[in-house]
Amino acid sequence: MQRPTTYGQSPPLHHPVPQHVSTVPQLRSPPPPPVSQPQSGYEGSPYQQQQARVPSGSGNMFGQYGNFMNDPAAQLASQFGQTAFRQGQDYLESNVSRFLNVPALKYYFDVTNSYVIKKLCLVLFPWRHKPWSRKQAMGPSGQEGGYLSPRDDLNSPDMYIPVMAFVTYIYLRTLIAGLRGEFQPELFGYIATTAFGVVAAEILGLKLGCYLLSISNTSQLLDLVAYSGYKFVGVITTISIAEIVNGGEGTGGWVGWTVFFYTFLANSLFLMRSLRYVLLPEINGDNRGPMQTMQTESRSKRSQRTQFLFFYSYVVQLFFIEGPSYLSRCPNRVTMSSLPPIVIATLQSSIIAAFSNVLAQYITSRSSQEPFVLDWVPVFQFWLYSVISTPPNFRWQELLESSFPSYHIEPTKEAIASAAKGDEKELDQEATEGRLVEPKLNKQNTVIKAVLDQTVGAAFNTILFSLFMHGVQSAMLHRVAEGYGAPEKGLAFLLSGSSVRYENVDWAVVWMKSKAEFYGLLKASWAFWPFVSVINFAFLKTVTARNLMGSLAGLGWGIYMSMITA
């Protein structure tokens, strides 16, 4: 039985009719906030905009933390924290400003890359640079004001290069120690402390000299600190070149000393030219710039400042540049002495030279049967001469020793016998006990050094002594005219502030006197110093010991020379 087909009678299909009315939201701009509603400090916050779009009856999307910033307790805590932070900042700035002028310090770090490159070239190659005068800014009224910052003036001192050079020197020293297998963690503190002590001692001496010479400058301390740090540029250059050329054996040798003397002379000339505006202010009728000077300046005061500038730029810098350079040559041990041998030798020689003059005055008074009254003027003259002459003599002895070593290493007789028998066990024992080799005196080198020392070295010392003594005595001839002629008034004359006046020296006359007595003094020295020279080169192995021996032997020679100059 078939089911009848009813496809043709089916009702038509219709879309379903929704049972709930739905509304399509229209995109509209959010209404502006009510004007009468008080606004807090966070009116521009996106959280408030989100909160404005959420219906009030639907709750806060951040839960209980949604209105945190509108809470009165939170606002009170925020205001309290801001007040405490502001008070702490004001307290810190007020206390730091008592010891450090932060705005003035920022002036010294206002540099550019081009300035740093040009300044480094100026420190290392100052020979043809002109002009050296600093530029001054123009004020609103067209008058000159303070000095321009380093960014705008190459001659202006900065702190960036000295600080970076100081830090680089510390890392360079520790790097060299590591390459030599002598690195210790304590080296960082030791090197930094030693370098900082060198700078601090130099600044202290400069400030003392400025005080005694009545030099006043509003930015004087920071300027001196900046100029004191430029020496590390030359020290880094010397250490780096010498280490590369000498294969890591230190800054000794011809290359090391050549680079050292070049950087020393370059730094000295740079300081001489740059520090003129600090130590030698111009005499003018106004007080433009930060320099505070008197309207008139006596000729003697300016002469003293010139001498002080020369002494600091050349004599003092020789010690303070030599210190860091020496520390790179000696073993990197924390317990070693921080004073280089050249400084120790100069101190020893200057003290012995001053004492020799005291003994000469005592012997003269005893022989003339007069009461002994110490005259400090010749004592000062001999002390100063020793301070000036010892460093070049020390370097001369080092040059002789490096060029013609007094000792060479040879195998011992025991080692030769053991090697002849082929006894390796005995050779190992001798090597362990230090009996494998021994130093032998090189007689040929000893003779060569003695001859050079008593010809070239003696001639240099003789002419230097004559020039210095005649020059300093001529510079002090006004002693009698000013009433300081008596021996007991020698110390008062030295402390008078105008004891040395080199503008009164006729150098043509000084040179003529020095040439006249040159051969007589040289022949007199040959009766004494050749024996000292042979003993030094033949029996003493270090330059420091030889210098001490020469100073002790020079005690008698100093007495003799004191009597001649008297």
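Between E243 and R173 there is no salt bridge, since no side-chain nitrogen of the basic residue lies less than 4.0 Å from a carboxylate oxygen of the acidic one.
In this structure, the side chain of H129 engages the main chain of P131 through a donor-acceptor pair within 3.5 Å. Within the 3.5 Å criterion, the main-chain N or O of Y171 finds a donor-acceptor partner in the side chain of T174. Distance alone, capped at 3.5 Å, places no donor-acceptor pair between the D453 side chain and the K449 backbone. Panel note: side chain E488, backbone D375; no donor-acceptor pair is recorded below 3.5 Å. For N155 (side chain) and S133 (main-chain N/O), a donor-acceptor pair under 3.5 Å exists by modelled atom type. In terms of modelled atom types and a separation under 3.5 Å, the side chain of R479 and the main chain of A486 share a donor-acceptor contact. Side-chain atoms of S402 come within 3.5 Å of backbone atoms of L399 as a donor-acceptor pair (strictly under, hydrogens ignored). For the pair N393 (side chain) and S389 (backbone), a donor-acceptor distance under 3.5 Å is present. A donor-acceptor pair under 3.5 Å links the side-chain atoms of T263 to the main chain of F260, judged by distance alone.
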Assess the residue pair E517 and T462 against the criterion (side chain to side chain contact (heavy atoms under 4.5 Å, CB included)); give the C-alpha distance rounded to whole Å, side-chain angles, the decisive distance to 0.1 Å, and a yes or no.
CA-CA 9 Å; E517 66 183 13; T462 301; over 6 Å; no

Passes side chain to side chain contact (heavy atoms under 4.5 Å, CB included), M469 versus F382? Steps please.
CA-CA 8 Å; M469 284 300 172; F382 269 78; 3.7 Å; yes

Working for side chain to side chain contact (heavy atoms under 4.5 Å, CB included), residues S350 and T390:
CA-CA 8 Å; S350 61; T390 300; over 6 Å; no

Give the intermediate values and the outcome of side chain to side chain contact (heavy atoms under 4.5 Å, CB included) for residues L124 and Y230.
CA-CA 10 Å; L124 295 176; Y230 285 117; over 6 Å; no

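By the neighbour-count criterion of 12 heavy atoms within 6.0 Å, atom CZ of F261 is densely surrounded, having more than that number from other residues, nucleotides or ligands. Heavy-atom neighbours of Y362 OH from other residues, nucleotides or ligands within 6.0 Å: at or below the threshold of 12. Annotation: W529, atom CH2; neighbour count of heavy atoms from other residues, nucleotides and ligands within 6.0 Å is above 12.
For the residue pair Q381 and N357, no side-chain donor N or O sits within less than 3.5 Å of a side-chain acceptor on the partner. Side-chain contact check for S386 and S349: no donor-acceptor pair (N or O, by modelled atom type) lies under 3.5 Å.
In this structure, F493 and H478 have tilted ring planes: the angle between them lies in the 30° to 60° band. Taking the six-membered ring where tryptophan is involved, the planes of F465 and Y385 are perpendicular, since the angle between them exceeds 60° and thus also 30°.
Less than 6.0 angstrom separates the ring centroid of Y262 from the ring centroid of W127.
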